[in-house]
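Predicted model only: the values in this text are computed from it and were never measured.
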Amino acid sequence: MRVLGIEIDESLVDCWRSWLLPERQPFILPRSFCDAQGWSDERKTLDFEILDAFELYGVAADQAIVSLTRAQSRVLSTEIRQLQRTPHRWPGQDPAKDRYRAIKYVESGRRPSRHTEVAQATWRHATGLLPGATKIAGTFPDRSGPNCFGTVMAAAEVLGAAEEWMQIEPFENWLSNNCVPGGND
């Protein structure tokens, strides 16, 4: 199966489905509301995949992140629902339709990979500068975490960079230690 011009297997689609359409979904709620409901803040227990799927970054200290079932979420006011960063995508009865929905979400607003259009001469030249580029071109990571900084470093074959959420400071340190300004590459 191909998604955005990249060959993948169904196990990755199943992962996307579990991250994007889980049975229990996170909501950002006022801490006072959670206390009244007897709900605990779960932010420290959520996987990167859920944090990414629901854009749960920089949540204020006076708010909590609580995972709710669809039935539990019905107690939330319209105002609280409208304040959520992303729409909640509840799973349906048909896993095949949910896989399709997950693929459509991944494809939405993104351009297909053009890695197959790159000339062999270009790949040969790039290998001298970024020896790991051909290994990661036309692939998806198997989980959340790897980001653009880590991907660039992985293309340069920095050990472990492909699996890490690379922060700006280590990326910039790597750049200053391994690259030179200017050039025509």
Side-chain angles (χ1 to χ4, degrees), residues 1-31 33-34 37 39-113 115 136-154 160-168 170-171:
M1 149 185 330
R2 294 181 81 71
V3 175
L4 294 172
I6 298 169
E7 189 66 35
I8 63 168
D9 60 45
E10 291 211 22
S11 65
L12 183 57
V13 176
D14 287 336
C15 288
W16 292 344
R17 183 178 50 86
S18 72
W19 302 331
L20 297 168
L21 295 95
E23 292 290 333
R24 297 181 61 83
Q25 299 193 11
F27 287 81
I28 300 172
L29 304 171
R31 195 171 289 279
F33 178 81
C34 292
Q37 297 291 325
W39 295 339
S40 300
D41 190 345
E42 300 172 29
R43 77 178 75 208
K44 292 183 180 172
T45 64
L46 296 174
D47 295 331
F48 271 129
E49 291 76 19
I50 297 297
L51 294 171
D52 285 345
F54 292 91
E55 300 177 15
L56 300 173
Y57 312 108
V59 175
D62 64 339
Q63 296 177 315
I65 301 174
V66 179
S67 297
L68 304 174
T69 64
R70 189 175 205 165
Q72 289 172 315
S73 73
R74 291 187 178 116
V75 303
L76 303 177
S77 69
T78 301
E79 179 184 10
I80 287 177
R81 287 173 183 272
Q82 289 174 340
L83 292 174
Q84 301 306 304
R85 296 177 179 178
T86 63
H88 286 75
R89 301 166 294 272
W90 297 101
Q93 298 298 317
D94 183 348
K97 285 183 182 176
D98 287 347
R99 280 189 207 94
Y100 176 79
R101 290 172 58 205
I103 289 168
K104 289 300 157 200
Y105 179 85
V106 168
E107 291 178 332
S108 178
R110 294 172 181 91
R111 296 180 186 164
S113 173
H115 65 282
I136 60 175
T139 65
F140 286 105
D142 61 359
R143 62 179 179 76
S144 286
N147 63 1
C148 55
F149 297 137
T151 301
V152 169
M153 293 171 71
E163 293 84 34
E164 188 174 334
W165 182 270
M166 193 60 61
Q167 300 298 317
I168 293 172
F171 177 72

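- Atom OG of Ser108 is separated from atom CG of Leu4 by 10.0 Å, given to the nearest 0.5 angstrom.
- Side chains of Asp41 and Val66 form no contact here, defined as non-hydrogen atoms less than 4.5 Å apart.
- Environment of CZ in Arg111: sparse, with no more than 12 heavy atoms of neighbouring residues, nucleotides or ligands closer than 6.0 Å.
- Looking at Leu29 and Leu76, their side chains come closer than 4.5 Å, going by heavy atoms from C-beta outward.
- Across every non-hydrogen atom of Arg85 and Gly58, the tightest pair is NH2-O, 3.7 Å.
- For Arg24, the side-chain contact (heavy atoms from CB on, under 4.5 Å) criterion is met by Ser67, Thr69, Gln72, not counting sequence neighbours.
- With Phe48 as the aromatic partner, Arg143 does not meet the cation-pi criteria of under 6.0 angstrom to the ring centre and within 45 degrees of the ring axis.
- Distance CD/Gln63 to CD1/Ile28: 6.0 Å, rounded to 0.5 Å.
- Taking NZ of Lys44 as the reference point, atom CD1 of Ile65 lies at 11.5 Å (rounded to 0.5 Å).
- Rounding to the nearest 0.5 Å places SG of Cys34 at 9.0 Å from CD of Glu42.
- Across Pro91 and Pro22, no two heavy atoms sit closer than the pair CD-O, 3.5 Å.
- By the 30° and 60° cut-offs, the orientation of the rings of Trp39 relative to Phe33 is perpendicular.
- Between the side chain of Asp47 and the backbone N or O of Ile50 there is no donor-acceptor pair closer than 3.5 Å.
- At least one donor-acceptor pair closer than 3.5 Å links the side chain of Ser73 to the backbone N or O of Arg70.
- Atom CE of Met1 is separated from atom CZ of Arg99 by 8.0 Å, given to the nearest 0.5 angstrom.
- Across Arg17 and Pro95, no two heavy atoms sit closer than the pair CD-O, 3.9 Å.
- Of all heavy-atom pairs between Gly138 and Ser113, the closest is CA-OG, 4.0 Å.
- Atoms OG1 and CD, from Thr86 and Gln25 in turn, are 8.0 Å apart once rounded to the nearest 0.5 Å.
- Residue Leu12 comes nearest to Ile8 through the heavy atom pair CD2-CG2, 4.0 Å, listed as atom of the first residue, atom of the second, then distance.
- With a 4.5 Å cut-off on side-chain heavy atoms, Pro30 and Ile80 count as touching.
- The six-membered or imidazole ring of Phe140 lies near that of Trp16, with a centre-to-centre distance under 6.0 Å.
- Here ring-ring contact (aromatic ring centres under 6.0 Å, His included) pairs that include residues 62-102, with residues two or more places apart or in two chains, are Phe27-His88, Phe54-His88.
- With contacts defined as side-chain heavy-atom distances shorter than 4.5 Å, the pair Gln84/Pro26 does not qualify.
- Looking only at distances, a side-chain donor or acceptor of Asn147 sits under 3.5 Å from a matching main-chain atom of Met166.
- For Lys104, the side chain to side chain donor-acceptor pair (under 3.5 Å) partners are Glu107, not counting sequence neighbours.
- Residues Gln93 and Asp98 are not in side-chain contact: their nearest non-hydrogen atoms beyond the backbone lie 4.5 Å or more apart.
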